Amino acid sequence: MKRHINVELNSESSLRLPAKFFQQEALALAPQLLGKVLVRAFSDGKILRQKVTELEVYYGEEDLACHASKGRTLRTEVMYAPGGLVYVYLIYGMYWMLNIVTGPKEHPQAILIRGLEEVSGPGRVGKFLQLDKSFNGEDLSKSQRLWLEDAPTIPSSAITATPRIGIDYAQHCKEYLWRFLWLPDK
DNA sequence: GTAAGGATTGGC
DNA sequence: CCAATCCTTACT
């Protein structure tokens with residue numbers, strides 16, 4: 001008798017993090033997101049899996065470094081959606097930045113994925129995952145090409161917080177310790 | 001319509 | 001140090 005051994009198929013894995021996980025407030029979610037597995041599946045069957053090692057929080061219209069500080073525009077609209085969607089935008093005309101929208105509806109906030117196990121730098125992350133404009137608004141709880149899977153929580157002793165990178169214009173907000181790094185050997 | 005500048009990177 | 005490269009925004 002034939003048995004059902006292929007219960008856990010790629011994108012249908014029970015490990016996939018649900019929308020609810022991403023609907024926590026960004027600053028509470030950030031340390032939990034470190035160590036989670038980012039998965040990118042291609043139409044030819046190839047799959048990339050990398051743990052998240054570095055990220056930054058962009059929180060609310062009051063945060064001068066957050067794109068939502070410019071108000072609600074076509075570009076920032078996705079950040080006003082409930083957590084679990086992806087915010088992708090082009091910077092310096094060449095790099096696609098991967099952000100995860102967090103928090104409840106109408107509370108603009110997102111987490112920028114700056115580094116993976118074998119990929120350093122947010123521009124390189126986008127290139128590695130072959131992201132483009134079509135990923136903006138992608139639903140991580142349903143997508144067949146990009147999602148996150150659960151993994152053990154990183155102990156706080158292995159997490160370092162620093163100011164965010166490249167936001168010198170953000171006045172007092174540039175001092176916030178909203179960049180989080182997972183340093184496994186610390 | 002037009003111009004300025006950016007959540008970056010790599011090369012000189 | 002600075003060019004690459006183009007989208008979004010804020011002006012006129």
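Letters A, B, ... are given to chains in the order of the sequence lines, protein chains preceding strands, and every chain is numbered from 1. All heavy atoms count here, side chains included; hydrogens, waters and symmetry mates do not. As the structure is a prediction and not an experimental result, all values here were calculated from the model.
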Mind running a 4.0 Å heavy-atom check of residues 111-127 of chain A against DNA chain C and sending the residues that fall below it, in number order?
none
If one requires at least 3 consecutive Watson-Crick or G-U pairs with distances under 3.5 Å, the stems of DNA chain C turn out to be B:1-6 with C:6-11, B:8-11 with C:1-4
Would you give the length of the straight line joining atom CG of A/Asn99 to atom CD1 of A/Ile113, rounded to the nearest 0.5 angstrom?
8.0 Å
Taking A/Ile111 as the starting point, is it possible to reach A/Val119 by hopping between hydrophobic residues whose side chains are less than 4.5 Å apart?
yes
Restricting both atoms to N or O, compile the protein contacts to nucleotides 7-12 of chain C shorter than 3.5 Å, with distance only.
from: C/dT9; atom 1: OP1; to: A/Thr73; atom 2: OG1; distance (Å): 2.3

Would you compute the distance between atom NZ of A/Lys51 and atom CD of A/Glu149 and round it to the nearest 0.5 angstrom?
11.5 Å
Filtered N/O pairs between nucleotides 2-5 of chain C and protein, under 3.5 Å:
from: C/dT5; atom 1: O3'; to: A/Gly93; atom 2: O; distance (Å): 3.3
from: C/dT5; atom 1: O2; to: A/Tyr92; atom 2: O; distance (Å): 2.3

Take a 6.0 Å sphere around CD of A/Glu77 and say whether it holds more than 12 heavy atoms from other residues, nucleotides or ligands.
yes
Is it the case that one hydrophobic cluster holds both A/Phe180 and A/Ile154, taking links as side-chain heavy atoms less than 4.5 Å apart, direct or via other members?
yes
According to a hydrophobic-cluster definition based on side-chain heavy atoms being under 4.5 Å apart (Ile, Leu, Val, Met, Phe, Trp, Tyr only), do A/Leu112 and A/Trp178 belong together?
no
Say you pick atom C1' in C/dC2 and the same atom in B/dG5; how far apart are they, in whole Å?
15 Å
Does A/Arg49 form a salt bridge (Lys or Arg N to Asp or Glu O under 4.0 Å) with A/Glu117? I'd like the steps, not just the answer.
CA-CA 9 Å; A/Arg49 308 177 92 251; A/Glu117 288 170 281; over 6 Å; no
How about A/Glu62: does its CD atom have over 12 heavy atoms from other parts shown lying under 6.0 Å from it?
no
Would A/Val57 end up clustered with A/Ile91 when hydrophobic side chains under 4.5 Å apart are linked, directly or stepwise?
no
Centre of A/Phe128's six-membered ring, under 6.0 Å away, within 45 degrees of the axis: is that where NZ or CZ of A/Arg40 sits?
no
Check: residues 20-31 of chain A side-chain donor-acceptor pairs under 3.5 Å, at least two apart:
from: A/Gln23; atom 1: NE2; to: A/Gly83; atom 2: O; distance (Å): 3.2
from: A/Gln24; atom 1: OE1; to: A/Gln32; atom 2: NE2; distance (Å): 2.9
from: A/Gln24; atom 1: NE2; to: A/Phe21; atom 2: O; distance (Å): 3.0
from: A/Glu25; atom 1: OE1; to: A/Tyr59; atom 2: OH; distance (Å): 2.5
from: A/Glu25; atom 1: OE1; to: A/Gln109; atom 2: NE2; distance (Å): 3.4

To the nearest 0.5 Å, tell me how far A/Leu181 CG sits from A/Leu55 CG.
8.0 Å
Using 30° and 60° as the class limits, which term best fits the ring planes of A/His172 and A/Tyr176: parallel, tilted or perpendicular?
perpendicular
Is there a side-chain contact between A/Leu38 and A/Leu146 (heavy atoms, below 4.5 Å)?
yes
Need two values: the first and the last nucleotide of DNA chain B, 5' to 3', having an atom under 4.0 Å from any heavy-atom of chain A.
B/dG6 to B/dG10
Check this for me: does any side-chain nitrogen of one of A/Arg72 and A/Glu106 sit under 4.0 Å from a carboxylate oxygen of the other?
yes
